[in-house]
Every structure is written in C-alpha cells, then in structure tokens.
Amino acid sequence: MGFMSVLSFAHKLTAERLSPGGRAIDATVGTGSDTLFLAKAAGPRGGVYGFDIQHAALALAGERLRLAREEAPAALAPVTLLQRSHAAMAEAVPQDWRGTVSAVMFNLGYLPAGDADKTIITEPESTLAALEAALLLLRPGGIITAVLYPGHEGGGREAAAVEAWAAGLAQPDAQSIVYRQLQRDSAPYVVAVEKKKGADH
C-alpha cells in the first residue's frame, strides 16, 4: 500500500474537522472536485462558498454539483459559487462566518480542464492575501489545506511563498505541517495550517 495522494491527504485532514452542519470554503473551485467534497461533508445544514476568477471553472463546478444533487438531493450543503478572487473571500462571505469556518481548501495552479488556458495561474500575492483571510475566517481548531504545484512555471515561486507564510505563523495562533514526496522536487505537495484553540484572530 502506497502513501496517500496529496489530494486524498488534504481531504482526510479536512474531513476530520468539517462536521455535518459546518461551514467551508473552496478558495480555488477549478473543476469543482473539492467543492463537491466540502458540500457532502458539510451536509444539508451546512454551507459552502466557492471562489474562482474563471467562468469556465464555475460552469464545470456547477454542473458537477447539479449531477450530484440529482443523485442525492438532500445530501449536499447549499453552495454559493462566486466569480471573484480568493483574496476577496473575507468580504464576500456573510459577516457572521468570521471565526466559524471549519475548513478552507486551496488547490493552486491552473484549471486542469482539457481546453482551459493553462497560462491563467494562481499568483503568490493574491494567494497570500487569501490565506490571511482564510485564517481570519477559521474557527479555532479549523484547518486550511493548500495543494501546491511547484512543477509548472510560476508554481515553484508560489509554493515557496505559501510555505514561508505557514512557517512564519506564530505558534500560539496556528500550527503548520508539510506533506510531500522528498525525492521529486516538482511533485505536488500539501501545506496545512490548523488554527489553535486559543488564537485571537
């Protein structure tokens, strides 16, 4: 049995902290895989917001959610998809979400759909702003997972920026971990941040 994939590892960490009725955010909707996962985990009494700057991503995610609702209409949380930068999440979600969100997932890089423009990638500046916003929105004990892709152009710079941000968090506020394959520098990896119970963000 091999190690868990980075996506499975991110889902495992998230599932341990997002209970039915919880609130979650998909910071980078992409094709909607994480959005659907969060909607299932939060359940019908929960809530999910998803962000992406590309209309194509939101269309793919919307279709994925529609098909899932047809199969199990009562199983998913209500999902709000917004065509906005993830850096705007703190202003875009309702005010009462601040300090109550159980999980925020980032899957960085480009939209992996076949005909998508691979030159449109997440950028370190907006991603770091989004991570700060996510930490503000998290409840104590909540988690941020970021899947990083150092193998594509620009990806290494973003991965290094995210890792440095997570490493620089004050220990009383949050703890951070890295899950990665050490023999391949270009392999995707996960940085996860858990907000500490006593954090006053």
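All residue numbers refer to positions in the sequence shown, counting from 1.
- Of the inter-residue distances, the one linking Lys12 atom NZ with Glu16 atom CD reads 4.0 Å to the nearest 0.5 angstrom.
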Please walk me through it: do Phe51 and Thr28 pass side chain to side chain contact (heavy atoms under 4.5 Å, CB included)? CA-CA 6 Å; Phe51 294 86; Thr28 50; over 6 Å; no
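- In this structure the side chain of Met105 reaches within 4.5 angstrom of the side chain of Leu38, judged on heavy atoms.
- Note on Tyr149 and Val178: separate hydrophobic clusters, where clusters join Ile, Leu, Val, Met, Phe, Trp and Tyr whose side-chain heavy atoms are under 4.5 Å apart, directly or indirectly.
- Residues Arg45 and Pro20 meet the side-chain proximity criterion, which asks for heavy atoms closer than 4.5 Å.
- Scanning for side chain to side chain donor-acceptor pair (under 3.5 Å) contacts around Ser5 gives Ser8, with sequence neighbours left out.
- Screening residues 81-105 for ring-ring contact (aromatic ring centres under 6.0 Å, His included) gives Tyr49-Trp97, His86-Phe106 as the qualifying pairs, with residues at least two apart or on separate chains.
- The side chain to side chain donor-acceptor pair (under 3.5 Å) test applied to Thr100 returns Arg23, not counting sequence neighbours.
- Leu182 and Ile177 end up in different hydrophobic clusters when Ile, Leu, Val, Met, Phe, Trp and Tyr side chains are linked at under 4.5 Å.
- Hydrophobic clustering (side-chain heavy atoms under 4.5 Å, transitive across Ile, Leu, Val, Met, Phe, Trp, Tyr) groups Ile25 together with Leu128.
- Both Met4 and Val190 sit in one connected hydrophobic cluster of ILVMFWY residues. Membership requires side-chain heavy atoms under 4.5 Å apart, directly or through other members.
- Val104 places a side-chain heavy atom less than 4.5 Å from the side chain of Met89.
- Tracing side-chain contacts under 4.5 Å through hydrophobic residues (I, L, V, M, F, W, Y), one never reaches Leu13 starting from Val191; they form parts of separate clusters.
- The backbone N or O of Gln175 sits nowhere less than 3.5 Å from a side-chain atom of Lys196 that would complete a donor-acceptor pair.
- Looking at Gln83 and Asp52, their side chains never come closer than 4.5 Å, going by heavy atoms from C-beta outward.
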Determine all donor-acceptor pairs shorter than 3.5 Å in which one atom belongs to a side chain in residues 56-82; sequence neighbours excluded.
unit_1	atom_1	unit_2	atom_2	d
Glu63	OE1	Arg66	NE	3.0
Glu63	OE1	Arg66	NH2	3.4
Glu63	OE2	Arg66	NH2	2.7
Arg64	NE	Thr31	O	2.9
Arg64	NH2	Thr31	OG1	3.3
Arg66	NH1	Glu70	OE2	2.5
Arg69	NH2	Ala77	O	3.0

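- The side chain to side chain donor-acceptor pair (under 3.5 Å) search around Tyr179 returns none, not counting sequence neighbours.
- Between the CD atom in Glu125 and the OG atom in Ser85 there is a gap of 11.0 Å [rounded to 0.5 Å].
- Residues Asp173 and Lys195 have side chains not in contact (no heavy-atom distance under 4.5 Å, counting atoms from C-beta outward).
- For Phe37, the ring pair (Phe, Tyr, Trp, His ring centres under 6.0 Å) criterion is met by His11, not counting sequence neighbours.
- To the nearest 0.5 Å, atoms CG (Asp26) and OG1 (Thr14) are separated by 10.0 Å.
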Donor-acceptor contacts, no H, no angles, side chain residues 134-147, under 3.5 Å, sequence neighbours left out:
unit_1	atom_1	unit_2	atom_2	d
Arg139	NE	Ser102	OG	3.0
Arg139	NH2	Arg17	O	2.7

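- Here salt bridge (charged side-chain N to carboxylate O under 4.0 Å, His left out) pairs that include residues 180-190, with residues two or more places apart or in two chains, are Glu163-Arg180.
- Remark: Glu91 engages no residue in a side chain to side chain donor-acceptor pair (under 3.5 Å) (not counting sequence neighbours).
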Between Thr127 and Val162, is a side chain to side chain contact (heavy atoms under 4.5 Å, CB included) present by the stated rule, with each step listed? CA-CA 8 Å; Thr127 294; Val162 171; 3.9 Å; yes
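- Among pairs with a residue in residues 56-85, none fulfils ring-ring contact (aromatic ring centres under 6.0 Å, His included), at least two apart in sequence or across chains.
- The two residues Val6 and Pro188 come nearest to each other via the heavy atoms CG1-O, 3.4 Å.
- By the 4.5 Å heavy-atom criterion applied to side chains, Ser176 and Trp165 are not counted as neighbours.
- Ala129 meets the side chain to side chain contact (heavy atoms under 4.5 Å, CB included) test with Ala87; sequence neighbours excluded.
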